[in-house]
Amino acid sequence: MNRRTFLKRSGLAAFLPLWPRSFFASKTLRRRRPSDADWPSASAWKRLNDEVDGKLIRVEFPLEPCVKDVGSAACQALIPNMKNPYFIGDQPGLTQTLGWVDAWVSKPSVYAVAAENANHIAAAVNFARENDLRLVVKGGGHSYQGTSNAADSLLIWTRHMHDITTRAAFVPQGCQGKEKAQRAVTVGSGAIWMQAYEAVTTKGGAYVQGGGCTTVGVAGLVQSGGFGSFSKHYGTAAANLLEAEVVTADGKIRIANACTNPDLYWALKGGGGGTFGAVSKVTLRVHDLPEFFGAALFTVKASSDEAFRRLLRYFVGFYRENLFNDHWGEQAHISPDNSLGFVMVCQGLSTEEVRKVWQPFLEWVKRSPGAYAIDGEPILGSMPARRWWDAEWRKQDHQNVFDVDSRPGANPNNVWWTGDAGQVSWFIYGYESLWMPASLLEDGSQERLANALFAGSRYEEIELHFNKGIAGAPRDTIEATRDTATNPAVVDAFALAIVGDAGGGYPGVRGHEPDVEAGRKARQKIHSCVNALRTIVPNGGAYVSESNFFQDDWQHAYWGSNHARLASVKRKYDPTGLFFVHNGVGSEEWSADGFVKV
Ligand SMILES: Cc1cc2nc3c(=O)[nH]c(=O)nc-3n(C[C@H](O)[C@H](O)[C@H](O)COP(=O)(O)OP(=O)(O)OC[C@H]3O[C@@H](n4cnc5c(N)ncnc54)[C@H](O)[C@@H]3O)c2cc1C
């Protein structure tokens, strides 16, 4: 075989233009740690600091005062802040999740580049590659899987890159003449969704598809796939990506869109964060805002197992007939205490319409007062969509839906949903997800679905996140989501089932350690619960960013038939595996900590 044929057959030809021969000469087998003699010298770090305009910082571990002495004034001052996601997000050495039993514990990097532009990111990428360092990228710091922290690493920290520019007529670079101009918003990769919602919705009266949690990072969510409350109408965040600016492993700042580097663009749409490069900004589609966003919030408790089975069976049919459409998203909770709770949201329905949708369900429940009780008065209604993320409006309307960043001088819009408060500084015991195919809603399958939900709920609470399955969405939304790297199971699913449990505690802080034994027990129960669902969804997919750290066959679960294409994009743009995350594309080639080539 001559060289050209070999290159063609092996697929290497595709990345030769990106990677000169010298890159292949030194193939990293082991990354350096500070304890190694060949760790970069102080003068090498100083050169990097100069290149990044003085933005290199030595990373402290904010919990260190508590590790040393939990009674110290410094520790006592810190603890209240550990419940504030904005405080945590402002620390290069902390993550929103503090760890996962038997999986990982949050660790600070040695150094961080607090990047302010793509050139700073490029300098950090080059430095890490040239010095064989473990590189980490962190935006909002919300990874459950611990993929934005690593001991002995260099961190690219994008927190300060949060510029937001709205555009009336955006055409991706290189797409002139091929694509029509459309409304869009360009967002720095370190922005969190609350900042984007404030600019686009509260101030701009329009809509951008982001995440449900206000403090999740924009770039991290887009690369996850990314679901928000109204994804049943607008699709995933990834499906709304028009263009990204990204620094690849060779240190080049690239544009990725449908016309320029389309393979990289596609991979960034759900192929997983921290894997294909470090994103510096993203441009997302902007939609018209509907007049109303609304909610249905209440819980029904059944008096016996039998009554609960009947309730679930009725709900499955009710869901199919009345809620399986692009108006309704978010969650139903099916609990071991035989309660069915609704935390559902909707778009495009007035209060009257919301009440009309739920009336038959409430009447059905009320017809059997011995079997069912509704906890309190159901909340059913809608409000001006423009005020959904408007903290001031919500306050004036006496809606206590947000917790507030109470640090002196904090931006008044630094708020997070009270429902997300439990996840700030939590330590995960177990967490699994499974896409539930819409075929289970067909007449002949509803009984099986209801039975499996009942069986699973004997172990743990099952959350059905309807907005995280795209079946039932408008055709355009389905097609745009299908054209992403997320497991195609997402477009056939009516919901993502999520089962998880976590506790508090601070790893390393004596007397306040997370409860490992409780965690292991919970993990078993979660697994048994999801296995009950797997009896009707064998070989199902899981959502990369909300899934089991110990996920079996994760390549298939996260990306399905898209994995092979993602692996080839990875080989093209990052052949030496500079970007490593746990269970990320290409991570099989590295030890669990990403330090040693296997
Ligand atoms: C409280 C909470 C609520 C959540 N709610 C939702 C939800 O409603 N919908 C949903 O879909 N998901 C949700 N998630 C999951 C979340 O979307 C993902 O974990 C997401 O990847 C977090 O992004 P981040 O930037 O905040 O986190 P990080 O931990 O900073 O990053 C996550 C991953 O993306 C990588 N990354 C971050 N920035 C960049 C960048 N600029 N370039 C390259 N890689 C980058 C990191 O290396 C890491 O691997 C939630 C998570 C939490 C903790």
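Values reported hereafter were calculated over all heavy atoms of this structure, with side chains retained and with hydrogens, waters and symmetry mates removed. If you read the sequence from its start, that first residue is 1, and numbering goes on from there.
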For this session: Ignoring hydrogens and angles, tell me if any N or O in the side chain of Asn562 forms a donor-acceptor pair with the backbone of Ala485 under 3.5 Å.
Result: yes
For this session: Under the salt bridge (Lys or Arg N to Asp or Glu O under 4.0 Å) rule, what do Glu479 and Arg482 come out as? Steps first, then yes or no, please.
Result: CA-CA 5 Å; Glu479 287 318 310; Arg482 206 190 292 286; 3.7 Å; yes
Problem set entry | Donor-acceptor contact below 3.5 Å, side chain Asn467 vs main chain Glu330 | yes
Exercise. Quick one: do the Gln145 and Thr97 side chains pair a donor with an acceptor below 3.5 Å?
Worked result: no
Exercise. Are the side chain of Trp435 and the backbone of Lys468 linked by a donor-acceptor contact shorter than 3.5 Å?
Worked result: yes
Exercise. Between Glu442 and Ser439, is any side-chain donor less than 3.5 angstrom from a side-chain acceptor?
Worked result: no
Seminar exercise, completed: Between the NE2 atom in His556 and the OG atom in Ser561, the distance rounded to the nearest 0.5 Å is 7.5 Å
Exercise. If only atom types and distance count, is the side chain of Arg386 paired as donor or acceptor with the main-chain N or O of Lys203 below 3.5 Å?
Worked result: yes
Exercise. Do the numbers put Arg394 on top of the ring of Trp388, so that NZ or CZ is under 6.0 Å from the six-membered ring centre and no more than 45° off the axis?
Worked result: yes
Exercise. For Trp416, does its backbone N or O pair with a side-chain atom of Asp403 as donor and acceptor, under 3.5 Å?
Worked result: no
Exercise. Quick one: CD1 on Ile334 to CG on Leu453, what's the gap to the nearest 0.5 Å?
Worked result: 4.5 Å
Problem set entry | Donor-acceptor side-chain pairing of Gln209 and Asn240 below 3.5 angstrom | no
For this session: Kindly say whether Gly273 contributes a backbone atom to a donor-acceptor pair with the side chain of Thr275 at under 3.5 angstrom?
Result: yes
Exercise. When you check the side-chain N and O atoms of Glu245 and Ser280, is any donor under 3.5 Å from an acceptor?
Worked result: yes
Exercise. Can Thr283 and Thr186 be counted as having a side-chain donor-acceptor contact under 3.5 angstrom?
Worked result: yes
Problem set entry | Backbone of Asn338 reached by a side-chain donor or acceptor of Lys301 within 3.5 Å | no
Exercise. Should Asp483 and Lys269 count as an ion pair when the cut-off is N to O under 4.0 Å?
Worked result: yes
Problem set entry | Main-chain N/O of Leu349 paired to Ser382 side chain as donor or acceptor, under 3.5 Å | yes
Exercise. Under 30°, 30 to 60°, or over 60°: which ring-plane class applies to Trp364 and Tyr314, parallel, tilted or perpendicular?
Worked result: parallel
